[in-house]
Amino acid sequence: MKILNYTIEFKNQIVSVISTILQKKYNIDKIDPGLLKFEIPPDTNMGHIALACFPFAKLLKNAPQKIAQELSKNWLESIYFKTVEANGPYLNFFFSPTYLKQFLLKDCLESPEYGKSNLGAGKTIMVEYSSPNTNKPLHLGHGRNNLLGMVVSNLLEQLDYQVVKTCLVNDRGIHICKSMYAYQKYGNAETPESTGLKGDKLVGKYYVIYDQKEKENPDIAEDIKQMLRDWEDGDTEVRNLWEKLNGWVLEGFNHTYQRMGAVFDRLYFESETYTGGREAILEAYKAGICEKEPNGAISIDLEDVKLGKKILLRGDGTSMYITQDINTTINKFANYDLDYNLYVVGNEQENHFKVLFSILKKFGYKWADRCEHVSYGMVNLPDGKMKSREGTVVDFDDLMDSMKALAADELKERYSANENKHQIENLDNTAEAIAQSAIKYFILKTNLNKDITFNPKESLSFDGATGPYLQYTHARICSLLNKSTTAIELKEDVNPYEWNEEEIKLLVGLVRFPDAIQQSALDRNPAILCTYIYELCRTFNKFYYEHQILKIECVQTRDNRLLICKAVKAVLGKTLNIFGIEALTRM
RNA sequence: GCACCCGUAGCUCAGCUGGAUAGAGCGUCUGUUUGCGGAACAGAAGGCCAUGGGUUCGAAUCCCUUCGGGUGUACCA
């Protein structure tokens, strides 16, 4: 298993010591730090961390086994390591008790900064996510998007980036007119209040109705086009209707966002940006970057980057999807002094973003290279794709509701089955927190480039590698710490303490935490942190099962175990926080 | 047609910047609790890492072939 590519304090020491030894021995100039590949040995008895010596073999023209031997023999004393030994082609390191306790545990317990780094210090990064259409409610696909946007933002903040979270609201266009049209014709002046429906649900209902009506009478498609023209002309009646319905939808979205914990620093509305972009394109045309088509459309040749030809303005002079995206991106860099600009959007738009970034580059914007599409796979159902119009979507509000109901049932059952157990004071909040964690972890744990198959019956369990498992581990530790009658403080060991295998595994897990965050953030992939924290919890639960803590006689052992518990709790709590999952103290 | 992505245990997924014996969860079978939360822990069974080749001391991992699945390829958004 490979690890430790980033800022770990002891890494620098290893690099410099090894370089010195090899330079002296083999009389070479410099060792490329990239050759030093750290790993976690398969078994803690072999070592706590390891360095593979294969890469040196070629350079030094010697067997990796021999090199490992030489390195171990010439290793210098270090505060970080107790022993360093060669094992075949590997150089294995065992952490010193001093490092584990006075450095690692101390950091975990006392430093709110543990896990963070300053890779992004002084840099601003924008994360655009969610970007919904205001004609129908949010479904599970949006759920994945929102969660990725939120968590990637949180991860970047751990690296000390200044993060600007934005949402581009697609609030105009032909698809918006469809629900408006159906509402106007068949709506009977319904309102969220009169129907008791959430605003986005009400409008979504008419989006579906429109589709049915169009199947009965395809001619109404013309009415929609007219409606869009009226909207663009500022027709009062159409505009009023639009404002009313959009207001309802956005109100509905806000409830969903709030419930799942999505927040935005800045909203961009397509209705305000869609006319822009023309000037930039016409300017580029004047500069000879774009061409004019026979019918007057403006196009750009992207053949050199194998993206063909792209129309930027239609023959009738109207804007396109890409036109307003050009405009919005220019605005973003004008509004904020951005170092990076991320778009969390599904992989079906990969081509669109390649085109967009290429265009901006050709237009001469130096920041074009700092734009990045965070692409992810789709969410499918066991029997295929989700389709709004065919009613096969998993509505995100409904999903949260049903998960909450399941969690509440579970809590009641567990409570009545164990009368001696603690009482859940706030069943409603707890059920909500458990439901949230089940959904969030389920979605986040899958790598970005993979599609997710969502099987409602099987996917959202509370057992195994799930959000509730993580919460359970946290609650268990809290319960344990509460029962401790002595203060849990970090003290220097009077007698040397030998950590057992499970304890060492936990400590090595804690060492990896900053690395897991950095890798997760730099890859824009929360799944890495998901895997990490699940493994840490599994290691903890095994440790907990195998060893007594509070009731063990040896005070030193008890205190050291409690320290580990507290440290795991700290790291677990931070991670859950990054995921937007409540770290329950009871459940 | 072309481009990109995916193919690892019955199912859902880790592992992929090449390295020590390919790992988890669910499901199936079997154990563990007077010890602090059993939403836990352990064991068994289950793999030609889609296929065929190549590079390498070494390939699930990199390159190419084939097959299977997905997405994109608009003067739609």
Side-chain angles (χ1 to χ4, degrees), chain A residues 1-2 5 34 37 39 41-43 46-47 50 52-55 57-58 63-64 87-90 92 133 170 173-175 270 293 295-299 306-308 310-322 324-325 346-352 354-355 375 377-378 380 382 385 407 410-411 414 418 421-422 434 442 445-455 458-459 461-466 468-473 475-484 527-528 530-531 534-535 537-538 540-552 561-562 565 586-587:
Chain A
M1 182 193 286
K2 264 168 298 178
N5 297 314
K37 295 178 181 175
E39 301 177 40
D43 187 334
M46 300 165 91
C53 294
F54 303 97
K58 208 173 234 172
N87 185 338
Y90 289 90
N92 291 334
N133 292 331
N170 295 301
I174 207 90
H175 51 299
E270 197 189 316
E293 297 297 304
N295 71 345
I298 304 287
S299 68
K306 290 183 180 165
L307 292 168
K310 180 70 191 170
I311 302 290
L312 302 179
L313 285 174
R314 292 194 187 93
D316 62 8
T318 55
S319 298
M320 304 183 50
Y321 181 61
I322 192 105
Q324 67 91 21
D325 245 357
N347 61 12
E348 74 247 319
Q349 296 209 40
E350 262 168 24
N351 194 60
H352 169 75
K354 278 184 195 157
V355 168
S375 170
M378 342 198 66
N380 297 318
K385 290 187 69 169
E410 195 87 2
L411 282 168
R414 282 163 205 268
N418 292 286
K421 265 192 168 179
H422 61 266
I434 292 171
F442 173 76
K445 73 176 176 180
T446 304
N447 277 325
L448 293 189
N449 55 351
K450 296 231 185 174
D451 290 346
I452 291 179
T453 305
F454 179 76
N455 185 330
E458 293 165 18
S459 297
S461 110
F462 297 139
D463 303 320
T466 62
Y469 175 86
L470 307 179
Q471 286 173 312
Y472 174 74
T473 308
R476 214 179 193 191
I477 299 173
C478 290
S479 169
L480 181 80
L481 296 177
N482 281 338
K483 283 181 179 146
S484 168
I528 293 168
C530 286
T531 303
Y534 171 66
E535 275 172 11
C537 286
R538 216 157 52 86
F540 178 82
N541 281 315
K542 181 168 168 75
F543 157 77
Y544 182 91
Y545 183 84
E546 301 274 339
H547 303 288
Q548 282 188 60
I549 300 167
L550 284 177
K551 302 197 176 167
I552 198 151
R561 287 185 182 163
L562 281 170
C565 291
R586 286 184 155 191
M587 64 188 279

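Throughout, a chain's letter reflects where its sequence line sits, starting with A, and its residues are numbered from 1.
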Would you mind pulling out the nucleotide paired to B/rG7, Watson-Crick or G-U wobble, both distances under 3.5 Å?
B/rC67
Side-chain N,O (A/Lys385) to OP1/OP2 (B/rU71) below 4.0 Å
yes
Base B/rC75 paired with A/Asp316 side chain (donor-acceptor, <3.5 Å):
no
Searching all strands shown, indicate the nucleotide that pairs with B/rA24 (Watson-Crick or G-U wobble; both distances under 3.5 Å).
B/rU12
Is any N or O donor-acceptor pair between the side chain of A/Asp325 and the base of B/rA77 shorter than 3.5 Å?
no
Answer yes or no: does a side-chain N or O of A/Lys37 lie under 4.0 Å from OP1 or OP2 of B/rG18?
yes
Would you mind reading off the distance between A/Ile528 atom CD1 and B/rU17 atom C1', rounded to a whole angstrom?
12 Å
Relative to the ring of A/Phe454, is the ring of A/Phe442 parallel (under 30°), tilted (30 to 60°) or perpendicular (over 60°)?
perpendicular
Looking only at the side chain of A/Tyr469 (C-beta and beyond, no hydrogens), which of the listed nucleotides B/rA77, B/rC41, B/rU12 gets closest?
B/rC41
Output the single nucleotide from B/rA40, B/rC4, B/rA14 whose closest atom is nearest the side chain of A/Asp463.
B/rA40
Nearest whole Å is fine: how far is B/rU32 P from A/Glu546 CD?
15 Å
Examine the side chains of A/His352 and A/Asp325 and answer whether a donor and an acceptor come within less than 3.5 Å of each other.
yes
Let's see if you can work this out: which of B/rC41, B/rA20, B/rC36 has an atom nearest to the side-chain heavy atoms of A/Asn92?
B/rA20
Take atom NZ of A/Lys551 and atom C1' of B/rU33, then tell me their distance rounded to the nearest Å.
13 Å
Are side-chain heavy atoms of A/Leu312 and A/Met320 found at a separation under 4.5 Å?
no
Base, sugar-phosphate, or nothing for A/Gln548, non-hydrogen atoms under 4.0 angstrom?
base
I want to verify a distance call: between B/rC36, B/rA20, B/rA42, whose nearest atom is closest to the A/Pro42 side chain?
B/rA20
Name the nucleic acid region contacted by A/Ala475, choosing base, sugar-phosphate or nothing; use a 4.0 angstrom heavy-atom cut-off, strictly under.
base
Would you mind telling me which of B/rG70, B/rG37, B/rA77 lies closest to the side-chain atoms of A/Asp451?
B/rG70
May I have the distance from A/Glu348 (atom CD) to B/rA77 (atom C1'), rounded to whole angstrom?
11 Å
Send over the distance from A/Arg414 CZ to B/rA39 P, rounded to a whole Å.
5 Å
Per A/Glu350 side chain, nearest of listed nucleotides B/rC5, B/rC4, B/rU71:
B/rC4
If we take the C1' atom in both B/rU12 and B/rG27, what is their distance in whole Å?
11 Å
Please state the P separation for the pair B/rC64 and B/rC48 - nearest whole angstrom.
26 Å
Return whichever of A/Asn380 or A/Tyr472 has its heavy-atom-nearest nucleotide of RNA chain B closer to the 5' end.
A/Tyr472
When we call it a touch if two heavy atoms are under 4.0 Å apart, what does A/Lys306 touch: a base, just sugar-phosphate, or nothing?
nothing
Using the C1' atom in both, what is the distance from B/rG68 to B/rA50, to the nearest Å?
8 Å
Please tell me if A/Asn447 has a side-chain N or O lying less than 4.0 Å from either OP1 or OP2 of B/rA14.
yes
Short side-chain N/O contact to B/rG7 OP1/OP2 from A/Lys450, under 4.0 Å
yes
Within less than 4.0 Å of OP1 or OP2 of B/rA24, is there a side-chain N or O belonging to A/Tyr534?
no
Counting any heavy atom closer than 4.0 Å, what does A/Ala50 reach on the DNA or RNA strands: base, sugar-phosphate only, or nothing?
base
Verify whether one side chain among A/Ser299 and A/Glu293 offers a donor that lies under 3.5 Å from an acceptor in the other.
yes
If you check every side-chain atom of A/Tyr545, which of B/rG37, B/rC36, B/rC41 has the closest atom?
B/rC41
If only side-chain N and O atoms count, and only distance matters, is there a donor-acceptor pair under 3.5 Å linking A/Tyr321 with A/Glu270?
no
Check this for me: does any side-chain nitrogen of one of A/Glu410 and A/Arg414 sit under 4.0 Å from a carboxylate oxygen of the other?
yes
Describe the nucleic acid contact of A/Thr466 in one word from base, sugar-phosphate, nothing, applying a heavy-atom distance below 4.0 Å.
nothing
In whole Å, what separates the C1' atom of B/rC41 from that of B/rA22?
23 Å
Rounded to the nearest angstrom, tell me the gap between atom CG in A/Asn295 and atom P in B/rC75.
11 Å
Quick note, A/Glu410 side chain, CB onward, closest among B/rU71, B/rA39, B/rA14 is B/rA39
Using the C1' atom as the point on both nucleotides, what is the distance between B/rC26 and B/rC16, in whole Å?
24 Å
Does A/Gly173 or A/Cys537 map to a spot on RNA chain B nearer the 5' end, using the closest nucleotide for each?
A/Cys537
Please state how far atom CG in A/Leu307 lies from atom P in B/rC4, giving the value in whole angstrom units.
11 Å
If you measure from the C1' atom in B/rU61 to the same atom in B/rG15, how many Å do you get, rounded?
9 Å
Let me see the working for A/Leu480 and A/Ile549 under side chain to side chain contact (heavy atoms under 4.5 Å, CB included), right down to the final yes or no.
CA-CA 9 Å; A/Leu480 181 80; A/Ile549 300 167; 3.7 Å; yes
Between A/Phe543 and A/Phe540, ring centroids under 6.0 Å
yes
Phosphate oxygens OP1/OP2 of B/rC13: is one of them under 4.0 Å from a side-chain N or O of A/Thr446?
no
Side-chain contact check for A/Gln349: nearest option of B/rC36, B/rA77, B/rA20 is B/rA77
For B/rU17, the nucleotide meeting Watson-Crick or G-U wobble distances (both under 3.5 Å) is none
B/rG1: pairing nucleotide in any strand, Watson-Crick or G-U under 3.5 angstrom:
B/rU73
Where do A/Tyr469 and A/Gly464 come nearest, in terms of heavy atoms and distance?
CB-O, 3.1 Å
Rounded to whole angstrom, note down the C1' distance from B/rG53 over to B/rC13.
29 Å
Compare side-chain N and O positions of A/Arg538 against OP1 and OP2 of B/rC41 and report whether any pair is under 4.0 Å apart.
no
Inter-nucleotide P distance (B/rU8, B/rC49), Å rounded
11 Å
Across every strand shown, the nucleotide meeting Watson-Crick or G-U wobble geometry with B/rA40 (both distances under 3.5 Å) is B/rU32
When rounded to whole Å, the CZ to C1' distance for the pair A/Phe540 and B/rG37 reads 11 Å
Taking OP1 and OP2 of B/rC6, is either one under 4.0 Å from a side-chain nitrogen or oxygen of A/Asn449?
yes
Considering only heavy atoms from C-beta outward, does the side chain of A/Thr318 approach that of A/Leu313 to under 4.5 Å?
no
Which nucleotide in the list B/rA24, B/rA39, B/rC36 gets nearest to the side chain of A/Met587?
B/rA39
